[in-house]
Amino acid sequence: MDIVERIILSEEQIQERIKELGQDISRDYEGKSITLICILKGGLMFLCDLSKHLTPLVEYDFMSVSSYGDATESSGVVRITKDLEESIEGKHVLIVEDIIDTGLTLNYLLKNLHSRNPASLEICTLLNKPANRKVEIPVKYVGFEVPNAFLVGYGLDFKQLYRNIPYIFTPKPEYYEND
Ligand code: PRP
């Protein structure tokens, strides 16, 4: 695709790492069932691929949290635009995210979900971008540490597009510089 400047993580790298994460999580939750909470929209591809590798029983629920709108930097404002459908009280909850950047979204979500009394609450993120962190987040499962670059693909969008691309890339600057 013309927009691609550089592929940061190939489809093979992503899938291989997801398989390993799935094995780690399956081992840690052996004998329990897991409620996977996908944070829309970016976490969707990861949720689907990760959950194929989980051997415990799995339940899905979805939340939508708006922090960025169409901008490329966090506004720091977090708003729930779609809440869970089920109670998580007494359940083993694993939040599935595509990326942690400033940490503001998860900082808010952790507080919010803890108050609903789950049996346990952990985070699994495909990508971790520690350079931009504004608040410390306890992350149990991380796919890859990534540099502080504008990343697109595999759930991550550029103006709501390219989430379906199976690899992660940096776009050419001319595509977004004059926005
Ligand atoms: C992205 C990502 C995380 C959040 C991380 O979502 O999926 O939810 O930003 O950023 P933070 O650590 O700085 O809070 P976004 O708001 O872009 O929505 P999307 O998943 O629908 O693209």
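First listed ligand is number 1; within each ligand, the first listed atom is number 1.
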*Rounded distance [0.5 Å steps], CG in Leu47 versus CD1 in Ile95*: 13.0 Å
*Relative to ligand 1, is Arg79 under 4.0 angstrom through side chain, backbone, both or neither, heavy atoms considered?*
neither
*Purely on distance, is any nitrogen or oxygen of Gly103 under 3.5 Å from one on ligand 1?*
yes
*Could you tell me whether Asp98 approaches ligand 1 through its side chain, its backbone, both or neither, with non-hydrogen atoms closer than 4.0 Å?*
side chain
*Less than 4.0 Å between a side-chain N and a carboxylate O, is that true for Lys41 and Asp98?*
no
*Got a salt bridge between Glu16 and Lys19, using NZ or NE/NH1/NH2 to carboxylate O under 4.0 Å?*
no
*Looking at Leu40, which atoms of ligand 1 are within less than 4.0 Å of one of its heavy atoms?*
20 (O), 21 (O)
*What atoms in ligand 1 come closer than 4.0 Å to a heavy atom of Thr102?*
11 (P), 12 (O), 13 (O), 14 (O)
*Beyond-backbone contact of Leu127 with Ile168, side-chain heavy atoms, under 4.5 angstrom*: yes
_Under 3.5 Å between any N/O of Ser66 and any N/O of ligand 1: does that happen in this structure?_
no
*Should Arg133 be listed as contacting ligand 1, given a heavy-atom distance under 4.0 Å as the test?*
no
*Is Glu86 salt-bridged to Lys91, cutoff N-O under 4.0 Å?*
no
_Those atoms of ligand 1 less than 4.0 Å from some heavy atom in Leu104_ = 12 (O), 14 (O)
*Numbering the atoms of ligand 1 from 1, which are under 4.0 Å from a heavy atom of Asp157?*
22 (O)
*Linked, directly or transitively: Met45 and Leu161 (ILVMFWY side chains, under 4.5 Å)*: no
*Selection from Leu156, Ile99, Thr81, Leu44 by shortest heavy-atom distance to atom 5 (C) of ligand 1*: Ile99
*Got a donor-acceptor contact below 3.5 angstrom from the Arg133 side chain to the Asp101 backbone?*
yes
